[in-house]
**Q** 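So that we are looking at the same thing, I have put the structure below in structure tokens.
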Amino acid sequence: MATTTKKAPETIATQQHGNRIVTLDEFIIRSEKDFEYATGELTGLLRDIGVAAKIINREVNKAGLVNIIGVADSGDNASGDKQQKLDVYANEKLIECLQNSGECCAIASEENDDIIQVSPVNSKKSNYIVLFDPLDGSSNIDVNVSVGTIFAIYRRRSDAAGPATKEDFLQPGTKQVAAGYVLYGTSTILVYTTGHGVNGFTLDPSIGEFCLSHRNLRIPENGQFYAVNQGYYSKFDLEMRRYIDNCSDQNYGLRYIGSMVSDIHRILIQGGIFLYPSTRKYPKGKLRLLYECNPLAMVVEQAGGKSLTTQLKRILDMEPRELHQRCTIAIGSPAMVDELKAFVERYSALPL
Ligand code: P6P
């Protein structure tokens, strides 16, 4: 009897390219023509971040085996969070990779109070600055929950003849030229946008390459899940409590990982909404505008989603006043963010 061999399920990458793998490097280079500042610098920057991600991934994957678990002896970071040793390691690797290539002129990190100047390499003057949270959700490392790197890239505003200035970093999210994240989870995936849609690349450890796995990601219009720390419910403003009650009345599932990159990635794929409203401990919100909310808002908006503060201001339009500024956030499927907006308009005691 003739045996039929079962065809391997097509992946997104193979759909567009037959069985050919498309690596991150190839994709970035091919996409360079889409980018108005196609000077190769941005290509270099994205590749630097990809290299740092592979190095960080290696350590994250064996964190349980070597002595880099637990709180670093370097104390707290700019956010006042206890620095986990992997935080420090991830921060050092990202800075090192970016300094070695000289494709950017300055860096800002959640782990550093001030901006870090990057010396020109081969006297090449770079026009880019990079901001990142090197290992978001790091308090989950000890319990083996996924963590992530979040990054944002801007063009500097200051004169290229001199050092970068703090004003270079205080630009609204609409000025980001690229943004994305790396999720170190059951697999390691790098998702980024340069303003021309969103693409995801899964690390194939057997060849050490990020390979195109999620081409032109689009967030579902609606979703069945909401992500919020329900433990703070009684401390939320009325409009947030009413919206959360509505989610429960509509039988939405509550999915909250406590690692923003993980929650946002799930929402990007399955649909849903992520909320971090103001609380007594964080009246302005907990999450950082420049290197958490803005980059993730650019990715989600580029995928067709929406991202507002819980006072209904578009995250990407916010005018930053300081490097480690916090903000509230409601981000995800457009229909769900619109629903939240209606509750805020109806129940908010504050003038909007
Ligand atoms: P909470 C992790 O510390 C983080 O910065 C985000 O990744 C996460 O979404 C949030 O804080 C969790 O905060 O107050 O719910 O523990």
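Atoms within each ligand, like the ligands themselves, are counted from 1 in listed order.
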**Q** With salt bridge (Lys or Arg N to Asp or Glu O under 4.0 Å) as the test, would you mind laying out the steps for Asp168 and Arg155 before giving the verdict?
**A** CA-CA 8 Å; Asp168 284 324; Arg155 288 178 67 80; over 6 Å; no

**Q** For Tyr233 and Asp245, test the side chains for any donor-to-acceptor distance below 3.5 angstrom and give the result as yes or no.
**A** yes

**Q** Taking the minimum heavy-atom distance to atom 8 (C) of ligand 1, which of Ser138, Ala227, Gly231, Gly258 ranks first?
**A** Gly258

**Q** Compute the shortest N/O to N/O distance between Lys286 and ligand 1 and return yes if it is under 3.5 Å, no if not.
**A** yes

**Q** Going by the angle between their ring planes, with limits at 30° and 60°, are Tyr256 and Phe274 parallel, tilted or perpendicular?
**A** parallel

**Q** Quick check on contacts: which atoms of ligand 1 are under 4.0 angstrom from a heavy atom of Ser259?
**A** 7 (O)

**Q** Checking contacts here: is it the side chain or the backbone of Tyr282 that comes within 4.0 Å of ligand 1, counting heavy atoms only? Could be both or neither.
**A** neither

**Q** Give a yes or no on this: more than 12 heavy atoms of other residues, nucleotides or ligands lie within 6.0 Å of atom CG of Asp249.
**A** yes

**Q** Any idea which part of Leu287 is under 4.0 Å from ligand 1, heavy-atom wise: side chain, backbone, both or neither?
**A** side chain

**Q** If we only count N/O pairs under 3.5 Å, is Met260 in contact with ligand 1?
**A** yes

**Q** Out of all atoms in ligand 1, which are within 4.0 Å of some heavy atom of Asn229? Include the element for each.
**A** 1 (P), 15 (O)

**Q** Working note: Arg242 + Glu239, criterion salt bridge (Lys or Arg N to Asp or Glu O under 4.0 Å); need CA distance, chi angles, decisive distance, verdict.
**A** CA-CA 5 Å; Arg242 286 289 179 272; Glu239 62 271 22; over 6 Å; no

**Q** Measure the acute angle between the ring planes of Tyr347 and Phe343, then classify it against the limits of 30° and 60° as parallel, tilted or perpendicular.
**A** parallel

**Q** Regarding ligand 1, does Ser139 bring an N or O atom to under 3.5 Å of one of the ligand's N or O atoms?
**A** no

**Q** What atoms in ligand 1 come closer than 4.0 Å to a heavy atom of Tyr232?
**A** 1 (P), 14 (O)

**Q** Decide yes or no on salt bridge (Lys or Arg N to Asp or Glu O under 4.0 Å) for Arg20 and Glu26, but give the supporting numbers first.
**A** CA-CA 12 Å; Arg20 190 167 69 80; Glu26 178 188 347; 3.0 Å; yes

